[in-house]
Colleague: 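The structure under discussion is supplied below as structure tokens; questions concerning it will follow.
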Amino acid sequence: MAKKQSSRWLALRAAFPYTLPIFAGFWFLGLTYGVYMNASGFPFWYPALMSLTIFAGSMEFVAVNLLLGPFRPAQAFVMTLLVNARHLFYGISMLERYKGTGLKKIYLIFGLCDETFSINYSAQPPEGVDRGQFMFFVTLLNHIYWFLGAALGGICGSFIHFSTEGIGFVMTAMFLVIFLEQWKAQKRRANMLLGLALPALCLALWGPDSFMLPAMAAVLLALLLLKKPLEKGGEGA
């Protein structure tokens with residue numbers, strides 16, 4: 001029992017520094033989300049409950065309008081699929097890494113978000129730290145950061161008022177930092193270049209309002225068709 005507690009403590013200590021940049025972004029965005037929910041007429045426990053059970057930042061913002069509008073489950077399903085379709089790629093990428101994690105895999109799948117994926121996919125746990133426990137604590141810490149930020153925003157939203165214009169750029173900036181960190185960490189960059197070039201082409205062809213689905217389809221098709229060449233390139237790197 002003591003050995004298990006010791007291994008968990010080592011994994012938590014190893015995971016925590018990796019999540020500190022996420023802490024700053026999640027608290028700020030979570031706080032904004034809680035305030036936004038409160039300003040839309042929802043009590044403080046709505047953002048707290050949604051952040052705890054949904055844990056999908058972009059979709060939680062979209063869900064505010066879905067909750068305020070008419071009951072349209074089909075529209076809600078399609079909207080959720082469009083907003084979170086990128087998780088299909090995350091899940092495929094994490095298949096090998098999640099092997100052998102036991103019951104922790106259930107929570108790892110539930111808690112997989114952009115920031116958690118970026119850490120668990122690229123970070124290597126220190127020697128002596130269990131990989132499954134390391135990924136579990138990365139996921140758990142990020143989940144806690146988002147939940148606390150959203151709950152605090154919901155509580156404070158009734159007496160804190162400020163303009164949220166342009167605040168969405170914070171998410172863009174955080175994704176840019178994550179991309180640059182992965183670019184520095186990875187020796188194989190062909191798939192990353194594909195991920196940049198194909199969406200840019202689709203953006204030029206379909207415009208900013210309609211390029212998302214063609215871009216995801218193009219990236220998926222390219223990765224499937226070029227799987228062997230990309231893997232061979234990685235072996236030679």
Side-chain angles (χ1 to χ4, degrees), residues 18-90 107 109-119 138-181 199 203 207-213 215-216:
Y18 284 94
T19 65
L20 282 176
I22 312 302
F23 167 78
F26 269 19
W27 260 63
F28 185 72
L29 288 172
L31 184 69
T32 305
Y33 166 64
V35 172
Y36 176 53
M37 283 285 287
N38 186 278
S40 300
F42 295 95
F44 77 93
W45 56 269
Y46 259 79
L49 181 63
M50 290 178 66
S51 64
L52 190 64
T53 57
I54 298 176
F55 190 36
S58 303
M59 191 58 217
E60 289 179 51
F61 277 96
V62 174
V64 177
N65 290 327
L66 294 177
L67 290 172
L68 292 173
F71 180 64
R72 294 173 180 170
Q75 179 185 354
F77 174 78
V78 173
M79 181 66 69
T80 303
L81 182 62
L82 289 174
V83 172
N84 290 326
R86 65 190 184 281
H87 289 262
L88 294 170
F89 300 95
Y90 296 164
Y107 180 69
I109 293 171
F110 164 76
L112 185 62
C113 65
D114 305 289
E115 296 77 14
T116 299
F117 167 77
S118 70
I119 298 174
V138 167
T139 306
L140 179 63
L141 287 169
N142 287 341
H143 194 178
I144 290 173
Y145 300 153
W146 179 255
F147 166 73
L148 292 178
L152 184 62
I155 294 171
C156 298
S158 57
F159 55 88
I160 295 179
H161 303 281
F162 61 93
S163 174
T164 59
E165 184 179 357
I167 204 168
F169 182 74
V170 176
M171 185 72 80
T172 304
M174 187 163 61
F175 285 148
L176 180 60
V177 171
I178 291 171
F179 173 80
L180 291 176
E181 286 296 324
L203 177 64
D209 295 328
S210 306
F211 85 102
M212 186 62 71
L213 282 179
M216 289 189 295

Colleague: Take Ile22 and Trp146 through the test side chain to side chain contact (heavy atoms under 4.5 Å, CB included) and record every step on the way to the result.
Modeller: CA-CA 9 Å; Ile22 312 302; Trp146 179 255; over 6 Å; no
Colleague: Does atom CZ (Phe44) have a neighbourhood of more than 12 heavy atoms from anything else shown, all under 6.0 Å?
Modeller: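 Counting other residues, nucleotides and ligands, CZ of Phe44 stays at 12 neighbours or fewer.
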Colleague: Going through the checks in order, is the side chain to side chain contact (heavy atoms under 4.5 Å, CB included) test met by Phe23 and Ile144?
Modeller: CA-CA 9 Å; Phe23 167 78; Ile144 290 173; over 6 Å; no
Colleague: Please determine whether side chain to side chain contact (heavy atoms under 4.5 Å, CB included) holds for the pair Phe28 and Leu31, giving the CA-CA distance in whole Å, both sets of side-chain angles, and the decisive distance to 0.1 Å.
Modeller: CA-CA 5 Å; Phe28 185 72; Leu31 184 69; 5.6 Å; no
Colleague: Can you find a side-chain donor-acceptor pair between Tyr33 and Ser51 that sits under 3.5 Å?
Modeller: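 Their side chains do not contain a donor-acceptor pair, so the 3.5 Å distance test is not met.
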Colleague: Please report the shortest heavy-atom distance between Leu140 and Tyr107, naming the atom on each side.
Modeller: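 That would be CA-OH, 3.4 Å.
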Colleague: Taking all non-hydrogen atoms of both residues into account, name the closest pair between Leu148 and Trp27 and its distance.
Modeller: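 Shortest heavy-atom separation between Leu148 and Trp27 comes out as CB-CZ2, 3.9 Å.
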Colleague: Please give me the minimum heavy-atom distance between Ile119 and Tyr18, naming the atom from each residue.
Modeller: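 Heavy-atom minimum between the residues: CD1-O, 3.3 Å.
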Colleague: State whether the side chain of Ser40 and the backbone N or O of Tyr36 hold a donor-acceptor pair below 3.5 Å, judged by distance alone.
Modeller: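 Side chain of Ser40 to backbone of Tyr36: a pair is present.
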Colleague: Over 60° means perpendicular and under 30° means parallel, so classify the ring planes of His143 and Phe110, tilted if in between.
Modeller: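 Ring orientation of Phe110 relative to His143: tilted.
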Colleague: Over all heavy atoms of both residues, which pair between Met37 and Met50 is shortest? Give the atoms and the distance, please.
Modeller: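 Smallest interatomic distance, heavy atoms only, reads CE-SD, 3.7 Å.
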Colleague: Find the distance between CZ (Phe42) and CG (Leu67) and round it off to the nearest 0.5 Å.
Modeller: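 Separation between the atoms: 4.5 Å.
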Colleague: Starting at CD1 of Ile54, measure out to CG of Leu49 and round the result to the nearest 0.5 Å.
Modeller: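 CG of Leu49 is found 8.0 Å from CD1 of Ile54.
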Colleague: Quick one: closest heavy-atom pair of Ala151 and Ala48, and the distance?
Modeller: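 Looking at all heavy atoms of both residues, the closest pair is CB-CB, 3.9 Å.
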Colleague: What heavy-atom pair brings Cys113 and Phe26 nearest, and what distance separates the two atoms?
Modeller: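 Heavy-atom minimum between the residues: SG-CZ, 4.2 Å.
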Colleague: Angle between ring planes, His87 versus Tyr90, binned at 30° and 60°: parallel, tilted or perpendicular?
Modeller: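 Ring orientation of His87 relative to Tyr90: perpendicular.
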Colleague: Starting at CZ of Phe55, measure out to OG1 of Thr139 and round the result to the nearest 0.5 Å.
Modeller: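 It comes to 7.5 Å.
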Colleague: Hey, mind stepping through Met59 and Leu66 against side chain to side chain contact (heavy atoms under 4.5 Å, CB included) and telling me if it holds?
Modeller: CA-CA 10 Å; Met59 191 58 217; Leu66 294 177; 3.5 Å; yes
